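Take a look at the structure below.
Keep in mind that what you see is a predicted model, and the values were worked out from it rather than measured. In what follows, every chain begins at residue 1, and chains take the letters A, B, ... in the order their sequences are listed.
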There are 2 protein chains.
Amino acid sequence: MLSEQVYAHLQGAIMRGDYAPGDALKPQDLAREQGVSLAVTREALVRLVGEGLADRLPNRGFAVPSFSDRRWQEIAEARRTIEPVVLRMSIERGDVDWEARVRAAHHRLVRTPAFVPKEGEHYTDAWAEAHRVFHRTLLEGCGNHALLETFDRLWTASELARRWAAHRNPDRDGVKEHRRLEEAALDRDADTAAAVLVQHLTLTAAALIDDSRQPAQQG
Amino acid sequence: MLSEQVYAHLQGAIMRGDYAPGDALKPQDLAREQGVSLAVTREALVRLVGEGLADRLPNRGFAVPSFSDRRWQEIAEARRTIEPVVLRMSIERGDVDWEARVRAAHHRLVRTPAFVPKEGEHYTDAWAEAHRVFHRTLLEGCGNHALLETFDRLWTASELARRWAAHRNPDRDGVKEHRRLEEAALDRDADTAAAVLVQHLTLTAAALIDDSRQPAQQG
DNA sequence: GTAACACAGATAATCGATTATTGGCCGGAT
DNA sequence: ATCCGGCCAATAATCGATTATCTGTGTTAC
């Protein structure tokens, strides 16, 4: 299934930031680059649109979603609204296997370097994936596929937005936040875990507000 | 944009139950029936898959999602988990325009006949739509597109499942439930509204459990 | 000088035909 | 009689070419 490969390639490219928001995704060019036909490329693009990773402008083709501060804030709020509730369910229901996977995911997250020296300011692909897996594993104890799918969609949107938010981290200790999250979850302390998660998500959202509303005001 | 029409047609047909769960959706046949090419049909099918209204079996084509009791229960639980929280936000934030739209949606719901005499046991399209609009309007006060999109996806999945759940309504007064929901929302009584909504969703889910686990055990 | 129109190039959307893969069917061997 | 393996029809997936639509530019009329 060629469209699968093209889809994966485009998803990676968009999430990695190879294209800027608003850039046109021309089926012709993409088809030539990938060495496939138009139909295949179109199929992949339609899928991307379904996942929210591309916009479709009728009779004007496809494009990378344009960054919108408002939309980003709504996604962040949606996560703050939904994830704590699911986390509570997860903590209540998770079994030993879940506990083990949380530990494993946290370990992997801690041991994966977030930045590579030369690469510059952006997270490594490996860390981004470990980060996603940790957050998802925390919720997987709920055992509800529909809820986890909701998480997946919001996470994707959230990551895409963050990629384009030039975040100057206000003294933030992500490592510590994650550790507190892991501890509270494994202690079955739902209240604490939910509170820490909300704070974690709030801080992430706040980092963007600052940058977009006070660009380079360092006085 | 032809694929749009084909998409709309298929969505309606699937939701209406013109195809049974598991039925193959053959691009060839569909293309012939609709008088369009394969590419167009495929594009529509890929969209359907994205919306959860079709399954894709690699190298084996597309099919109507097979009904799964487990999946349905998970969707119902997801709704019970998310919608009350969003309803609270909506009640807290909704403005006068929202109030007016809630009243209008409820009025329309009440005045739309749920069944047509001859048609048999299934809801009319008009009532199903009015029902959806009422529930969605209740949540729209939250003003968060990401959350409403989540609602839309869960609603679609929920409706599709319900279409195939031969629900024998246990003495249920849907009209009354909706009225209590409207009243609590407009009274800004978030606690009551959330509680009524959870009960509403629980009863809907329960109707299916009964039928699938005790098929025709009447005495 | 401005504004409306028409042309041209680019590209989105669609089509009909070709290739590749699947699952069932038949025959032969054990 | 049953099981294994190779044909065959059906159809999924892909392709290259065609048609329709949009955007920008240049021209002409006022």
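Residue B:Thr41 holds its OG1 atom at 10.0 Å from CZ of B:Phe62, rounded to the nearest 0.5 Å. A distance of 11.0 Å separates CD1 of A:Ile82 from CZ of A:Phe151, quoted to the nearest 0.5 Å. Taking OG of B:Ser37 as the start and CZ of B:Arg32 as the end, the distance is 13.5 Å to the nearest 0.5 Å. The distance from the CG atom of B:Leu2 to the CD atom of B:Gln5 is 5.5 Å, given to the nearest 0.5 Å.
Using a 4.0 Å cut-off, no side-chain N or O of A:Ser37 falls inside it from OP1 or OP2 of D:dT14.
Rounded to whole Å, the distance from CG on B:Leu2 to P on C:dA12 is 17 Å. Spacing between atom CZ of A:Arg32 and atom P of D:dC15 amounts to 15 Å, rounded to whole angstrom units. For A:Glu43 and C:dT14, the CD to P distance is 14 Å, given to the nearest whole Å. Between the C1' atom of D:dA12 and the CG atom of B:Leu30 lies a distance of 13 Å, rounded to the nearest Å. The interatomic distance linking A:Leu57 (CG) with D:dT23 (C1') rounds to 14 Å, in whole Å. Between the P atom of D:dC15 and the CZ atom of B:Arg42 lies a distance of 12 Å, rounded to the nearest Å. Put simply, CZ on A:Arg56 is 14 Å from P on D:dC22, counting in whole angstrom units. Straight-line distance from the CG atom of B:Leu25 to the P atom of D:dT11: 13 Å, rounded to whole Å.
Taking the side chain of B:Lys26 as heavy atoms from C-beta on, and the options C:dT11, D:dT21, D:dA12, the nearest nucleotide is D:dA12. Closest to the side chain of A:Asn59, from the set C:dT14, D:dT21, D:dA12, is D:dT21. For A:Val40, the side-chain atoms get nearest to D:dT14 when compared with the rest of C:dC15, D:dT14, C:dA12. Closest approach to the B:Pro27 side chain among D:dA13, D:dA12, C:dT14 is made by D:dA12 (side chain taken as heavy atoms from C-beta onward). Picking from D:dA13, C:dA13, D:dC15 the nucleotide with the shortest atom distance to the side chain of A:Ala39 gives D:dC15. Looking at the side chain of A:Val36, the nearest of the listed nucleotides D:dA12, C:dA13, D:dC15 is D:dC15.
For A:Gly35 and A:Pro58, each mapped to the nucleotide of DNA chain D holding its nearest heavy atom, the one lying further toward the 5' end belongs to A:Gly35. Between B:Arg60 and A:Leu38, the one whose closest nucleotide on DNA chain C sits nearer the 5' end is A:Leu38.
Taking the side chain as every heavy atom from C-beta outward, A:Asn144 and B:Ile75 never approach each other to under 4.5 Å.
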